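Inspection log for the structure reproduced underneath, given as structure tokens.
Bear in mind the structure is a predicted one, so any value in this text is a computation, not a measurement. When reading the values below, keep in mind they use all heavy atoms of this one structure, side chains included, and skip hydrogens, waters and symmetry mates. Per chain, numbering begins at 1; letters A, B, ... match sequence-line order.
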2 protein chains.
Amino acid sequence: MPRDLFIDGVPELLMLRLLARKEMYGYELVSEISKRSNNVFTFGEGCIYPILHRLVRQKELSVRKDTVSGRSRRYYKLTKLGTKRLTTLETSWSNVSRGVESFGKELGHAT
Amino acid sequence: MPRDLFIDGVPELLMLRLLARKEMYGYELVSEISKRSNNVFTFGEGCIYPILHRLVRQKELSVRKDTVSGRSRRYYKLTKLGTKRLTTLETSWSNVSRGVESFGKELGHAT
DNA sequence: CGACAACACCTAGAAGTTAGAGGCATGTCA
DNA sequence: TGACATGCCTCTAACTTCTAGGTGTTGTCG
């Protein structure tokens, strides 16, 4: 089965949006994204974790280890760089989104 | 340099939208997309041609050779399969687009 | 004539992202 | 004890776009 189109970059954007509000752990992000999007976006853990690791590597997220009821968790939080990254992604998304929409409109209104 | 985000599938979508109106040739598509999008999207030939070839391979486009003022051109046109493909892409784009927007609104990220 | 831009097509390979499958370990509850 | 949900992680495959090149023709300008 071919991968879903137009998804490129969306997981990262949604993750950063959530993390901009409060720190969260990986598993939590997975279920929160599904829930908040009404199952429109159902990214698995194999999708979320690599992105998390990359963002940490790029110093856009910071990690805090904690243990809750015997289970170790890694809480991720935005750094200043991460905030900039989010802004960049929002701008980028906005450009592409409006670009595609207006492209469609131009074609629809032409006679 | 990292690849542009959120672009995945967009070239194909725009190409199909244009080809749904009239047959066009590769070089024409390249410049038309740049022009129509006010240079928001500037896909090079190396991006357009492989997609064209794949769509023909999948029988979603048909080709017609022609020679205009001494220059040979390959005109591409949508087949019935191609029309279905366009519908699929439009739906897919719509889902992702609305998903991201509503996800943003819930969080208070309205622009 | 000779050089050069514009036109028109094409390929190969790299880069980057998501998806799937699976492996661990812990705590709870019947 | 066994079954199950929670929570973390890795590896590999698959997919798409992008860069950088290559080929050949036409028209133009000095």
Side-chain angles (χ1 to χ4, degrees), chain A residues 1-16 23-35 40-58 61 63-76 85 89 92-93 96 99-100, chain B residues 1-16 23-35 40-58 61 63-76 85 89 92-93 96 99-100:
Chain A
M1 254 213 291
R3 177 173 78 174
D4 283 342
L5 271 331
F6 310 117
I7 280 299
D8 207 73
V10 170
E12 185 180 339
L13 174 61
L14 301 190
M15 288 162 63
L16 290 180
E23 61 176 14
M24 297 174 77
Y25 53 97
Y27 204 79
E28 191 183 7
L29 282 165
V30 170
S31 50
E32 192 69 9
I33 288 177
S34 294
K35 185 185 146 203
V40 172
F41 303 118
T42 53
F43 306 126
E45 305 165 43
C47 169
I48 297 300
Y49 282 110
I51 297 176
L52 242 22
H53 301 329
R54 172 170 55 83
L55 293 175
V56 169
R57 206 166 54 239
Q58 296 170 347
L61 292 183
V63 202
R64 179 177 69 82
K65 281 190 185 179
D66 201 354
T67 301
V68 178
S69 62
R71 289 209 176 80
S72 79
R73 288 176 179 169
R74 286 168 198 278
Y75 283 92
Y76 296 88
R85 173 72 175 165
L89 287 192
S92 185
W93 163 259
V96 171
V100 171
Chain B
M1 255 219 290
R3 174 175 79 174
D4 283 342
L5 271 331
F6 309 117
I7 281 298
D8 205 74
V10 170
E12 185 181 338
L13 174 61
L14 301 190
M15 286 162 66
L16 290 180
E23 61 176 13
M24 296 175 77
Y25 53 97
Y27 203 80
E28 191 183 9
L29 281 165
V30 171
S31 50
E32 192 69 9
I33 288 178
S34 294
K35 184 185 149 205
V40 172
F41 304 117
T42 54
F43 307 124
E45 304 166 44
C47 171
I48 297 301
Y49 282 109
I51 296 176
L52 242 23
H53 300 331
R54 172 171 55 82
L55 292 175
V56 169
R57 207 165 53 239
Q58 296 170 347
L61 292 183
V63 202
R64 180 176 68 83
K65 281 190 186 180
D66 200 354
T67 299
V68 178
S69 64
R71 288 207 176 82
S72 78
R73 290 173 177 170
R74 284 169 199 276
Y75 283 92
Y76 295 89
R85 173 75 176 165
L89 287 193
S92 185
W93 163 258
V96 172
V100 171

Can I get a per-line list of side-chain donor-acceptor pairs under 3.5 Å for residues 66-75 of chain B, giving both atom names and the distance, sequence neighbours left out?
residue  : atom : partner  : partner atom : Å
Asp66(B) : OD2  : Arg64(B) : NH1          : 3.2
Arg73(B) : NH1  : Tyr75(B) : OH           : 3.2
Arg73(B) : NH2  : Tyr25(B) : OH           : 3.1

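- Distance, Arg54(B) CZ to dC9(C) P: 18 Å, rounded to whole Å.
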Between Phe43(B) and Ile51(B), does a side-chain contact (heavy atoms from CB on, under 4.5 Å) hold up when you go through it step by step?
-> CA-CA 11 Å; Phe43(B) 307 124; Ile51(B) 296 176; over 6 Å; no
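- Taken to the nearest 0.5 Å, the CZ atom of Arg85(B) stands 6.0 Å off from the CD atom of Gln58(B).
- Considering CG of Leu89(B) and CE of Met15(B), their distance stands at 11.0 Å, rounded to 0.5 Å.
- Listed nucleotides dC8(D), dT17(C), dC9(D) differ in distance to Arg73(A); the shortest reach to its side chain belongs to dC8(D).
- The side chain of Glu45(B) lies closest to dC10(C), out of dC10(C), dT11(C), dA19(C).
- When rounded to the nearest whole Å, the span between CG of Leu16(A) and C1' of dT17(C) equals 15 Å.
- Distance check, rounded to the nearest 0.5 Å: CG of Leu61(A) to CG of Leu16(A) gives 6.5 Å.
- Computed from coordinates, the Asp4(B) CG to dG16(C) P distance equals 12 Å when rounded to whole Å.
- The nearest whole Å value for the distance from the CD1 atom in Ile51(A) to the P atom in dT17(C) is 8 Å.
- In this structure, CZ of Phe43(A) is placed 15 Å from C1' of dG20(C), rounded to the nearest angstrom.
- A straight line from CZ of Arg85(A) to C1' of dT17(C) spans 12 Å, rounded to a whole angstrom.
- Summarising the geometry of Val56(B) relative to Tyr76(B), their closest heavy-atom pair is CG2-CE2, 3.7 Å, with the distance given to 0.1 Å.
- With contacts defined as side-chain heavy-atom distances shorter than 4.5 Å, the pair Ile7(A)/Val96(B) qualifies.
- When each of Gly44(A) and Leu52(B) is assigned the nucleotide of DNA chain C bearing its nearest heavy atom, the one mapping closer to the 5' terminus is Leu52(B).
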Determine, stepwise, if the pair Leu13(B) / Phe6(A) fulfils side-chain contact (heavy atoms from CB on, under 4.5 Å).
-> CA-CA 10 Å; Leu13(B) 174 61; Phe6(A) 310 117; 4.0 Å; yes
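- Between Ile33(B) and Ile48(B) the shortest heavy-atom distance is CD1-CD1, 4.3 Å.
- For Asp66(B) and dC9(C), the CG to P distance is 11 Å, given to the nearest whole Å.
- When the nucleotides dC18(D), dA8(C), dC9(D) are ranked by their closest atom to the side chain of Ile7(B), dC18(D) comes out on top.
- Residues from residues 26-33 of chain A with heavy atoms under 4.0 angstrom of DNA chain C: there are none.
- Taking side-chain N and O atoms only, Tyr49(B) has a distance below 4.0 Å to OP1 or OP2 of dC9(C).
- Checking the phosphate oxygens (OP1, OP2) of dT11(C), a side-chain nitrogen or oxygen of His53(B) falls inside 4.0 Å.
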Taking protein heavy atoms under 4.0 Å as touching, what does nucleotides 24-30 of chain C look like 5' to 3' if B marks base contact, S marks sugar-phosphate-only contact and - marks none?
-> --BS---
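- Atom CG of Leu13(A) is separated from atom C1' of dT17(C) by 15 Å (rounded to the nearest Å).
- At the phosphate of dG7(D), OP1 or OP2 sits under 4.0 Å from a side-chain N or O atom of Tyr25(A).
- Residue Tyr75(A) is classed as having no contact, given no heavy-atom separation below 4.0 Å to the nucleic acid.
- Residues Gly9(A) and Leu5(B) share a closest heavy-atom pair of CA-CD1, 3.9 Å.
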